[in-house]
Amino acid sequence: MSPPPDLRIAVDSAGLQRRIDELALISEAPAPVVTRVLYSEADMRGRDYVRRAAREAELSVREDAVGNLFARWEGSEPALAAVGSGSHTDAIPNAGRYDGVVGVLGAFEALAALRRAGFKPRRSLEVVMFTAEEPTRFGLGCLGSRLMAGSIPVERAMALRDREGRSLDELRAAAGYSGSLESVRLPKGYYHAFVELHIEQGPILEAGDIPIGIVEHIAGPSSYRVTLHGEGGHAGAVLMPSRHDAMLAGAEIALAVERAAKGSGSPHTVGTVGVFRIEPGAVNSVPYRAYLEIDLRDARLDTRSKALAEIRSAADQSCARRAVRMEFEEINADPPAAGDPDTVAIAEAVCAELGLRSLRMVSRAYHDSLFMARVSPTTMIFIPCRNGWSHRPEEYATPEHIASGAEVLAHAMARLAV
Ligand SMILES: [Zn+2]
């Protein structure tokens with residue numbers, strides 16, 4: 001694929017920054033905090049903003065039955081599969097202004113810059129704002145892209161309820177979205193390629209002073225819920241040989257998670273016990289119940305599965321030894337995704353030609369691209385963020401890095417669209 005000749009792209013960094021700052025003010029919490037939970041009033045106003053920004057970039061907008069928004073620049077051969085980009089604008093409580101937003105507004109700016117440069121795409125270029133990348137409302141991330149990729153059975157999506165017991169159908173109807181959830185699924189071959197621009201949300205690029213990361217693998221997240229039923233009793237009266245302490249079984253499981261992740265054979269395996277509750281939670285009472293949630297991720301499925309098997313076996317042994325009963329349930333498990341080698345190579349070549357250092361990376365956080373990669377050749381372009389901070393108000397990326405990301409995205413999309 002040869003690059004379009006003499007494509008001189010000038011990203012309007014100030015304009016892009018202004019839009020990022022304006023969208024950040026649409027929030028359920030006062031600045032600098034950004035909170036935009038799916039279908040909340042702030043999310044709806046955020047969607048209005050994105051629609052306006054799409055129209056300013058002269059893109060035509062359509063929205064599907066769950067609120068995924070598609071902003072399209074029609075190519076000269078509109079029947080060809082489009083080149084896609086995009087990300088999300090929903091934000092977890094107490095978040096910052098860059099996560100997701102850079103990939104939506106940055107893609108609008110990339111297309112606007114291509115237009116200013118006189119580029120004429122053969123394939124259509126399309127920016128997606130995915131619905132509900134964050135799991136805040138339904139406890140399940142990437143709802144929009146999952147449905148687009150057909151990676152969640154529609155019945156499972158229909159069964160989703162938020163904390164107040166409201167269903168997805170009820171909430172999307174209230175937000176003005178109708179039509180069957182089946183219709184959200186993309187037709188086969190809809191995208192020729194998909195490139196998501198995103199802040200790294202980790203420290204690697206900043207530490208190496210590297211402006212661009214190119215994602216080769218996206219780690220697959222999985223999570224599990226463990227409930228342990230032991231036997232309570234008076235901390236003074238129940239002697240050690242007759243104890244069935246649920247907390248101690250839980251502690252052994254937590255250590256097994258660490259051991260399995262460290263010993264998986266893959267440097268990308270990470271295991272975390274982020275929730276650990278015990279009952280009754282009194283200093284003079286033997287814990288009769290423990291509740292843990294385990295997060296286990298990896299760029300490879302085989303090493304993740306091996307780590308999980310080790311955790312399960314250690315948990316079984318510990319519970320048998322202590323005569324503690326265990327329930328071990330999967331909350332969610334998504335396989336990892338690989339970036340498309342050709343698309344990765346194009347992004348890398350663009351960086352080299354622009355004189356920008358780049359680094360091939362694994363995305364340890366999941367993104368909508370985890371699901372887009374199931375239906376399209378996909379990669380992601382990462383830019384550094386300060387201290388690797390994300391999902392907090394101090395999240396920050398420099399205007400220069402954001403502009404570089406948008407510039408790389410514009411060139412990559414142009415190459416993919418010819
Ligand atoms: Zn994100």
Side-chain angles (χ1 to χ4, degrees), residues 16 19-20 23-24 26-27 33-38 40 42-43 46-47 49-50 67-69 84-108 110 127-149 151 194-206 212-215 217-221 295 297 332 334 336-337 339 361-373 378-397 401-402 405-406 409:
L16 175 52
R19 286 187 283 274
I20 291 170
L23 182 51
I26 302 176
S27 168
V33 173
V34 178
T35 300
R36 276 190 301 266
V37 176
L38 172 68
S40 66
D43 181 41
R47 287 164 181 272
Y49 186 90
V50 169
N68 290 311
L69 182 148
S85 183
S87 195
H88 61 101
T89 60
D90 65 327
I92 64 161
N94 210 38
R97 63 181 57 183
Y98 300 93
D99 175 9
V101 167
V102 164
V104 176
L105 300 181
F108 288 161
V127 181
V128 189
M129 188 215 67
F130 294 100
T131 275
E133 191 267 350
E134 302 292 1
T136 315
R137 187 175 283 275
F138 292 117
L140 179 73
C142 297
L143 178 62
S145 50
R146 260 177 219 277
L147 284 162
M148 282 166 68
S151 295
F194 192 88
V195 184
E196 178 174 3
L197 173 64
H198 206 283
I199 59 168
E200 182 199 339
Q201 302 181 290
I204 295 170
L205 293 174
E206 186 186 50
I212 300 288
I214 299 166
V215 172
H217 294 280
I218 305 173
D295 180 296
R297 306 178 187 220
N332 182 60
D334 293 305
M361 305 184 70
V362 170
S363 170
R364 289 184 175 75
Y366 65 76
H367 299 282
D368 292 302
S369 287
L370 181 65
F371 297 95
M372 296 317 291
T378 294
T379 188
M380 297 183 71
I381 295 167
F382 275 177
I383 58 166
C385 58
R386 186 172 63 194
N387 298 330
W389 288 341
S390 186
H391 283 191
R392 52 192 280 186
E394 298 86 352
E395 187 178 84
Y396 179 75
H401 285 145
I402 295 171
L409 177 63

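Order of appearance sets the numbers: ligands from 1, and atoms from 1 within every ligand. Just so you know, these numbers use all the heavy atoms, side chains as well, and skip hydrogens, waters and symmetry mates.
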Visitor: Return yes when at least one N/O/S atom of H367 is nearer than 2.8 Å to the Zn ion (ligand 1), and no when none is.
Guide: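 Here the distance criterion (N, O or S atom, under 2.8 Å) is not met by H367, so no.
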Visitor: Counting only N and O atoms by type, is there a donor-acceptor contact under 3.5 Å from the side chain of D368 to the main-chain atoms of S87?
Guide: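 No, because the side chain of D368 does not come within donor-acceptor range (under 3.5 Å) of the backbone of S87.
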Visitor: Looking at the Zn ion (ligand 1), which N/O/S atom of H88 is the nearest one?
Guide: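 Considering only N, O and S atoms, H88 comes nearest to the Zn ion (ligand 1) through NE2.
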Visitor: Can you tell me the N, O or S atom of D99 that's nearest the Zn ion (ligand 1)?
Guide: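 That would be atom OD1.
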Visitor: So among F382, F194, F130, which one has a ring pair (Phe, Tyr, Trp, His ring centres under 6.0 Å) with H367?
Guide: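 Among F382, F194, F130, the one that satisfies the ring pair (Phe, Tyr, Trp, His ring centres under 6.0 Å) with H367 is F382.
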Visitor: Taking side-chain contact (heavy atoms from CB on, under 4.5 Å) as the criterion, tell me which of I218, I214, I204 meets it with M361.
Guide: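 Only one option passes, and that is I204.
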Visitor: Can a donor-acceptor pair be found between the side chains of R146 and T131 at a distance below 3.5 Å?
Guide: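 No pair is found: no donor N or O on one side chain lies under 3.5 Å from an acceptor on the other.
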